[in-house]
Structures are given as C-alpha cells and as structure tokens.
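Residue numbering restarts at 1 for every chain, and letters A, B, ... go by the order of the sequence lines.
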Amino acid sequence: MKMLINGAERVVADALRGMAAAHPELRVDVDQRLVVRADAPVEGKVGLVSGGGSGHEPLHAGFVGYGMLDAACCGEIFTSPVPDQMTRAAAAVHGGAGVLLIVKNYTGDVLNFDMAAELVEDEGIEVAKVVVQDDVAVSDSTFTAGRRGTGGTLFVEKLAGAAAQEGAPLAVVADVARRAAEGSRSFGVALHGPTTPAKGSPTFDLPPDQLELGIGIHGEPGRERRSVLGAAEIADLTVEALLADYGPGPTGPLLCLTNGMGGTPLLELYGFHAEVVRALGARGITPARSLVGDYVTSLDMAGCSVSLCQVDDELLRLWDAPVSTPGLRRGR
Amino acid sequence: MKMLINGAERVVADALRGMAAAHPELRVDVDQRLVVRADAPVEGKVGLVSGGGSGHEPLHAGFVGYGMLDAACCGEIFTSPVPDQMTRAAAAVHGGAGVLLIVKNYTGDVLNFDMAAELVEDEGIEVAKVVVQDDVAVSDSTFTAGRRGTGGTLFVEKLAGAAAQEGAPLAVVADVARRAAEGSRSFGVALHGPTTPAKGSPTFDLPPDQLELGIGIHGEPGRERRSVLGAAEIADLTVEALLADYGPGPTGPLLCLTNGMGGTPLLELYGFHAEVVRALGARGITPARSLVGDYVTSLDMAGCSVSLCQVDDELLRLWDAPVSTPGLRRGR
Amino acid sequence: MAGQTTERDAAFVAAWLTASADAVRAEADRLTELDSAIGDADHGNNMRRGFTAVVASLENEPQTAPGGVLLLAGRTLVSTVGGASGPLFGTLLRRAGKALGEAERVTDAELKEALGTGVDAVAQLGGAALGDKTMLDALLPAVDALPDYAAAARAAEAGSQATIPLRAHKGRASYLGERSVGHEDPGAASAALLLGALFQVSR
Amino acid sequence: MAGQTTERDAAFVAAWLTASADAVRAEADRLTELDSAIGDADHGNNMRRGFTAVVASLENEPQTAPGGVLLLAGRTLVSTVGGASGPLFGTLLRRAGKALGEAERVTDAELKEALGTGVDAVAQLGGAALGDKTMLDALLPAVDALPDYAAAARAAEAGSQATIPLRAHKGRASYLGERSVGHEDPGAASAALLLGALFQVSR
Ligand SMILES: Nc1ncnc2c1ncn2[C@@H]1O[C@H](COP(=O)(O)OP(=O)(O)O)[C@@H](O)[C@H]1O
Ligand SMILES: Nc1ncnc2c1ncn2[C@@H]1O[C@H](COP(=O)(O)OP(=O)(O)O)[C@@H](O)[C@H]1O
Ligand SMILES: [Mg+2]
Ligand SMILES: [Mg+2]
Ligand SMILES: [Mg+2]
Ligand SMILES: [Mg+2]
C-alpha cells in the first residue's frame, strides 16, 4: 500500500510538524505530541484536554482552538496517548479554573486518562472527566468493554468548548459535556477497511460485494457483514439503529453529523446525507443542524458514520457559538 | 468498486439534495444543478459564477457563500456544465454590478462558458471572465490544450470573492482574479487513480510500486511514472517544479495550499505539508499563509497537489478577509 | 446508392439521429473506455446523455425541415452534454442545420455542404486541425467522401483508427504528451458512429 | 532448575527484560497480525516501542535492586506504550517491583509472589477475569506455575493458545462479539513471550 509518508514510525511526528507549520495559532510540541492553543492557559477559563490515538484527523488535534479544545494529546496511530502527555497538557492549559478531560471509551484511553487524572489532581489541579460512549453498534455493553466513543466526540468537544469559552465554571462545563455525551448516538459502516502504515494492508478485508456494519474508528472490524447496499438502504438501517437506541425517541432538537471515514468522496457523503435526512424525515424528524464532512476518520477507510445528538435550547445555542479551529470553524 | 451511492446516474443530483439539506444558507436547484447564495442577488455586488465537472468537492459548490462565490454550476462527474446552467446562474446572481465567470482551463469548460458569456451579454449583463491555468505539469502549452486549471482555482475564487464582497466594481474584481490566476502554480501527484461511478474501476491503473507525477484533477493520467518515493522527495520535486516555473523566483508573499486529492488521510497530508514547507525553506521561502486539506479533489484519488500563489499586500489582505462557505470558513 | 440529386426530408435526418442514439447507447462503454485511457472516462456517458435527449427533443418538438431537426438536435446537445464534446458536436449539427435553413427537402449535395459548414465550425471553435487526434480526424475525411454515404462511413472509421498512432494536441489527451500515442480518440470514435448511422439510414 | 531458594539480583531481572525486548522485537509483526484480526493492528508496535524504551531506561538509570528494575521498567511502559497494554503491562511490572522493595537479592518465591501481586493489579485495573480472552489468560496460569520457570513458560503459552476458542469480553476484541472466536489474543501472546524470556534467562 502506497502512502504519502517518510516511514511508518515518523507519520505522527511529521503530521505534527505540518500542523505547526500550517497553524501559527497553535503551539505544537512534536516530541511530546501535544497540540495546545497558543494563548493557553486562558486565565479563569476551564481547560479542555482530549486526545486519543492518531489516525482520526481532524479529531482531536484539529479541534484545538477558540471555542473548542485547549489541548490534544496525540497517541501513535490507533493507540491511546500516555499519561505523561495528559499531565503536561493539563498543566499547560490550567488557567486556574480546573481541567476537563474528554475521553473516548476504549480500554486504553480510559486507563491512561485515569492514571493521568490522578497525577493531575495530585498537583492540586481540579479535574473532571467525561467519557464518550456513543456507538450503538456495541449493544451488550455488560459483556464488552462498553460502547465505543466515536463521532459523538465532536459534539462533546464543541459544546463543552463553547461553554468553557463563555467562562462557565468546571462543574457547568462538565455538565454540558455529560449531557452532550448522553445525548449522542453513532453508527458506522465501512466499504473498505483502513490501512495503517505499520501493517501496510487493510486491517480487515472486505470482499468486493460486502460491507461491514457497526464499525469502529480504529480499523477494528464491525459486528456484521452484508451484501452491498445502496445509500438509501444504508441510511435507513443506520437511522433505525440510532433512533431505536433513543428508546421513546429523541425529544428536543437534534444535531446530525454525517461523517466520512476518510476514503469516501465528499460527493458521495452529501448524497448519503440526503438519504439520512430523508430517513429521519420518514420518521417525523428534521435535524435542527447538519454537519457533513470528514471529522472523525479512520485513516483511509471508505465508509461513513452518522452521529446524532439530542440537545436542548441551551446546547443548541452552544452549538451555534463561534468556534475557530483547523477542523471546525464558524462565526469567527 | 463499492460506493456509497444509489446508482451512478444519481450521484450528482443526490449530492445536491444533501447540500440543500445541510446548508439552509444556500439555494440549491437540484434539477438545474445550481448552487446559489440564498441572499443572491446582492444589490450592487459583482456576482461570481464558477463551476465545472463534479467530483472535485468542495470545489466549486462548497465555495458558494459570503466572501467567495455567488453561484456554482455543477456538471456531471468530470464533465463541464452546460451553457444553460451558467446563464441561469448569472441571472440569479446579477445584482446590477455585472458578473465574473471563473473558468478552469479545459476545452469543455472554456467552450461552454464562452457560449454562456455570449448569451449573458446578450441579456445586457456585463460579463468578465478569468481562466485559471495553474498546472505547471503541462509544459508545452502550445502543443496542448494549455495548462489545466487545478488547485489555484481556490485562490482565485477566494481572492476575487473577497474583493466582490467588499463592493469592488467588476473591473477591479476581475483584475484581482486575474492577478490571483497569474500568480498561481500547481503540481499534483497520484498514488492511486480515482474511480468514477460510471466506470467503476480506477481511470488509470498504478502498479503498487509506482506513482504518477503531474496528474490532473479529472482522473486523466499524468505525464510521468516513477518508482514510489517518500514524502520528502515528492515535496522536493514538487517545490522544484513550482519554483522553476516562477522564473526568477516568486516575489512577495506566498500562499501555500497543500491539497489532498480525496483518498489521502489528513494525517499524511499534514506530514507532507511539513516537507513542502521544509523544501520551500531550503530555497529561502516561508509561505505567508498555509492551508492544508481536501479542497480541490478528484473523487477518491490518493495523492496530493501543492498550489502556490504569489500575492501582494492587497491580495494577502483579501486572503485573510472573512469567508463563510461550506468548504472554507474563517472570521465569520 | 444515394446520388447528387436524391432528396432528404426531416424524417430522414431524424432517423439518422435516432440511429446515432442507438449506436451511441450500444457503444457507450467502449467510448468511456477509450476516454479513460487518454481522457477522463466520461465520453460514453456524455454522448449517451446527449443523444437520449436529442431523441426526446425530436419527439417533443417535431420538425418539418431537415435544417430544423439538425438545429434542434445541436441545441439539445449543447444544453445537455457539457464537456468538450457537447459544444463541438452541438455546433456541428447546429451550424449544419442553420446552413440548410427551412427547406423541407434537401439534396444529398446540400446535406454534404451543410455538414461541411458544421465541421468547419467545429474546427474553428476548437482550434484543431487534421492530425490533432480529435473528432475532426474522422469528420473531415467523412465529409469529403459525401455524398457517398458508404464511403463516408468507411472514411470516418478509418480516420478514427488513424488517430491511434497520433500524439494528441487538443483536448484532455494532449496533457499526456507522448503517452497519448497508441490509443484511439474517443471523440473520433463517436464521429465514426454517427457516420455509420447515417450510412445505415441512407440504405 | 530454579528452586524456592535460588536468589536473583537486579542483573537477572534486567536480563529478563532485555530478553523480553528481543522476543517482542522478533515477534512484533505476528503480534500486530493477531491484533489486526480482532483489534486495531497496533499491538506489535506498542510492545516493541515499550520494550525498546525499557532497555534504554535500564541502561540510562542502572538499578541495584530487582524491585527497582521492575519499577523503572513498569513506569517506562506506562510512559511510552499507551493503548490498553501500556497501563496493564506497566502496572504488572510496577506493582511487582513495588512488592519487592529495595532488596538487592530476592528469592524465586519472592519473585513469584511479587509477580502475583502484579497480575492481581492487572486484573483489578482492567476488570478482566480468567476466560475473558486477555493477557490474564496467559499471566494467571503462568504465575501459578512459578517458581518453575519452564512450567510457567509452558503455562503462559498454553493459556495464550487457550484464548483461541474464547469469545472476548474485554478490550477491543469484545466489540466483535462471536466473531472474536477463533483468534489468539495478542496481549496473551505477548505475555507468553515475556514468560518464555524469563525461562530462557533462568536456565
Ligand atoms: N479542441 C478540440 N477540437 C475538436 N475536438 C476536440 C477538441 N477537444 C476535445 N475534442 C474531442 O472531444 C473528445 C472528448 O470529449 P468528452 O470526453 O465528451 O469531453 P471532455 O474532454 O471534456 O471530457 C475528444 O476525444 C476529442 O475528439
Ligand atoms: N480489560 C483488560 N484487561 C486485561 N487485558 C486487557 C484488557 N483490555 C485489553 N487487554 C489486553 O490488551 C491487548 C491489546 O493491547 P494493545 O493492542 O496494545 O492495546 P489497544 O487494545 O488499546 O490497541 C489485548 O489483546 C488484551 O490482551
Ligand atoms: Mg490501539
Ligand atoms: Mg470530461
Ligand atoms: Mg472526457
Ligand atoms: Mg491494539
């Protein structure tokens, strides 16, 4: 598999060098694999720290900036970062109002962030943590590592980031993050597995006539294979899986993220979004806001995920609030 | 080749339905394949119309909005739109100050836009036209259809769009567009050819150990094949090709677009951007502004292009001016 | 065989375009395949879309004059094809139609002259000449061979085959430089289909 | 063969970890391959990165006590691996090191007990039990078999093989449900490599 790289072991460091070159508004520590707002710490503002394995860009480093994250810790590809990165990040963004850690629910991420949280607290910094677990494809959470954190992470980072930017205290920012996490549901479909630089071939092989339902964002295969379906059918079963999981059905406005996994053209993604909106409409739902694009990716995986977030008027206002990051920008 | 579509013949229409659903700030005519600013025509503002074959998203439809295009005409995949679309678009965005047509230099685009320009003038609307021909890979322009318009189109649309948004008259907006077009140089490299829905397999086959230099954005093969190179080497030969073409070397600040062709992960693209900036630096040049991402794509083609634009202080100011479109957003 | 004085009506020209549409539809994949070797893999689709629209137009707005048929067909191609081939084939038919005017019957000689006018307009619009590896390489010898429809069809086909060893100087294929050599030009192949259809309806 | 009273020094433990690093490096691709079947294809890289760093740490900060060696190695794994295996293998070694304290020589029995403490900490941290298809399926029987190093290595290897028919309940493989059956757990395979290295240096 050909890649535009200098060698598998250099991919993450090289990408961070590129971010540093492209974004003077960010402070990039290539050695420590940290991306921090250049104006951090912002006095009196809650610091938002997230991170995870690399390969999901723009998540998380691309969401550092005004109105969203203060710092992102970048792990190796598909590998959670280590506690040292997180403690450094927390120290760099602590503006006296404490730090919120936003963690995707994977064993590695949870363990590493938990270790870091203890160390940060030991330093006398107030810490809160929210775990995103929005992937409805993982159903029997009691017999698994629990639901994965996927596309819904964008909602959590954006909404909590907006609250923090407005100057809300840690308890409020953490509450916004938790409500966003609890309101989020995601479901993903792959047409072609991702290829990691280390492995050099797709992490799962999909025959030309099959697609994989309920995929994660780390190249892990999904729960089920099916013969190829059209965009309309994929949208129907995706929307069905999402809405079924809300139980009595979502109340209040919905945010909708139609997300590309990296290898699917934007042209196809918009077409798929049309089907998602149609499928929602057939069930009496019109999303209050839509976002379409590659936001939470899995290297070059072909496919898509849909994330919904059930919000209230306050969260909707926070969604619309200005944000200025490399990966998401609006109103500023 | 699996795709997230409902059928090859529906791809463009479905994508436009998706854009309509996602972007209330745009007026989308799915039948006519037009995307227009919802507030068009803006009284007294020059109207900017562009368009081309589909498959390059976000270009052009994704660049419709405040500070950039007023309308985009969407052709079939890799096929120039027809004059009827362009005349409709011009009528929809003419706010009394005339219309600028931004045309990528392909035989089809030029012929169709020229036909349209005549018809629009016949309606009594003042028309100016700028042809973007930035691709340095096409060298002997006298024996070819001339240089292709590729990534530099983004510079032209952004800079002219900013001038129009400020209220500049048609002559000035056209002059900005021309200076942007003349200052632009691009060069592209493919690791894997794009697959059109109609054909269902890559439009050119690249063996696993080869890459293609000097590619266009329509799945046309490039000028030369080479054994696979690392990102650093690709950046060196790209930067060399670009700078050689400026002759005595670019004077004044440079904009740099490190552009993904659609199938290359953002992680790789940032790593490549680091090498581009290094290669420029080795030749004494620091780009004044960088933009990294998938902006002028070719469906799912893996690879990248680099576009430079030599600007002056006024164009640099226009580059920094607020823009709010689905595909490019800043300061608003 | 058709002679200098055979007269043709609107139905004849409409039948030609309908036969062309059938041929283009049957060969669309091959045309796209040719375009994918040295272009952007859309030519078959473009031609199919255009000629399907032409057939529909002729049904919706029946014409009484050969010139009217060609004018409508040309306008339809311009409005529905896009790309390079839309304006070029559209202009070919439009100009030929214009040249024929409103006469309800035209001789084969008049048709030849009108098509010659159309081909000249294509050459002027696209700036290409014989040997540039374009549709002109099929169109120019074919018009020369008219009003012998069989010879014109053969000339078009031969002209299209003759593009194989050529290096393209116009259109997308020109970007390939030397690498365009060894492939048949898709637009020339389409032109050969149109001339083949003309021969077919003339028999 | 090692007995209850054989004493081990810091050099022995360092040699173990160095041998482990060699084994992990030699088998990294296989570990990644296992992880790609039921995980995310990074386990070989993770372990290689971690153990390469462990060897470097031990060179840069030579330790005089077995406990110190294990503590440093565990801390290094936590700081360099990430993922699930970093905190888990890191905790295994850290807790074992802590249990051994600063004694410059420890008996095989003490080592067994310390590693048992470490394995318990892994179980607590990760919330997994025997049969969940994790590294514990290799670690638990291996520690039971200590201080017989040969038996421990065999038990770890057998435990790792025994994960093949299991359905995963922890870690990434659990997302696969039934489809995790039929594959060896990569973390268990790593644990077997570590126990194999321990046997090797004990001879
Ligand atoms: N300048 C030109 N003059 C004459 N014919 C041309 C010219 N440029 C392109 N063509 C013809 O158009 C054909 C390509 O048509 P098509 O694939 O439909 O459009 P596009 O090149 O825009 O994708 C070529 O094979 C060639 O015959
Ligand atoms: N909760 C857990 N308890 C014990 N071991 C676990 C647990 N979760 C995962 N593991 C082990 O970690 C291994 C995966 O490690 P690795 O691939 O390096 O990390 P990640 O799963 O984060 O990519 C699994 O094969 C399993 O043995
Ligand atoms: Mg991992
Ligand atoms: Mg085309
Ligand atoms: Mg073509
Ligand atoms: Mg793993």
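- In terms of non-hydrogen atom pairs under 4.5 Å with chain B, the most contact-rich of A:G260, A:G262, A:P208 is A:P208.
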Q: Apply the test side chain to side chain contact (heavy atoms under 4.5 Å, CB included) to residues B:I234 and A:L4: give CA-CA distance (whole Å), side-chain angles for both, the deciding distance (0.1 Å), then the verdict.
A: CA-CA 8 Å; B:I234 297 175; A:L4 190 62; 3.7 Å; yes

Q. Do B:E57 and A:L269 pass the side chain to side chain contact (heavy atoms under 4.5 Å, CB included) test, and can you show the C-alpha distance, the side-chain angles, and the key distance before you say yes or no?
A. CA-CA 10 Å; B:E57 291 64 32; A:L269 208 59; over 6 Å; no

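- Residues of residues 319-332 of chain B that come closer than 4.5 Å to chain A, counting heavy atoms only, are B:P326, B:R329, B:R330, B:G331, B:R332, ordered by residue number.
- Inspection of non-hydrogen atoms places B:V11, B:D14, B:A15, B:R17, B:G18 of residues 11-18 of chain B under 4.5 Å from chain A.
- Proximity to chain B is limited to the side chain of A:H23, based on heavy atoms less than 4.5 angstrom apart.
- Looking at A:R289, there are no atoms closer than 4.5 Å to chain B (heavy atoms on both sides), in backbone or side chain.
- Annotation: maximal heavy-atom pairing with chain B below 4.5 Å, among A:G263, A:A61, A:P287, A:A232, occurs at A:A232.
- Using modelled atom types, one side-chain atom of B:N6 and one backbone atom of A:A231 make a donor-acceptor pair closer than 3.5 Å.
- Taking every heavy atom of both residues into account, B:S290 and A:A21 meet most closely at OG-O, 4.1 Å.
- Once rounded to the nearest 0.5 Å, the distance linking CG of B:D294 with CG of A:L266 reads 8.5 Å.
- Taking the ring-ring contact (aromatic ring centres under 6.0 Å, His included) definition, one finds that B:H60 meets it with nothing, sequence neighbours left out.
- Between chain A and the residues B:H192, B:E275, B:E268, the most heavy-atom pairs under 4.5 angstrom are made by B:E268.
- Residue contact with chain B, scored on non-hydrogen atoms closer than 4.5 Å, is absent for A:E233.
- The nearest pair of heavy atoms linking B:K2 to A:P207 is NZ-O, 2.9 Å.
- Ranked by heavy-atom pairs under 4.5 Å with chain A, the first of B:L211, B:D209, B:L267 is B:L267.
- Per-residue heavy-atom pair counts under 4.5 Å with chain A were compared for B:T264, B:T286, B:V277, B:I5, and the maximum is reached by B:I5.
- In terms of non-hydrogen atom pairs under 4.5 Å with chain B, the most contact-rich of A:V189, A:I77, A:L191, A:L291 is A:L191.
- Residues of residues 298-308 of chain A that come within less than 4.5 angstrom of chain B, heavy atom to heavy atom, are A:L299, A:D300, A:C304 in numerical order.
- Taking chain B as the reference chain and counting heavy-atom pairs below 4.5 Å, the highest number among A:G230, A:G7, A:A22 is found for A:A22.
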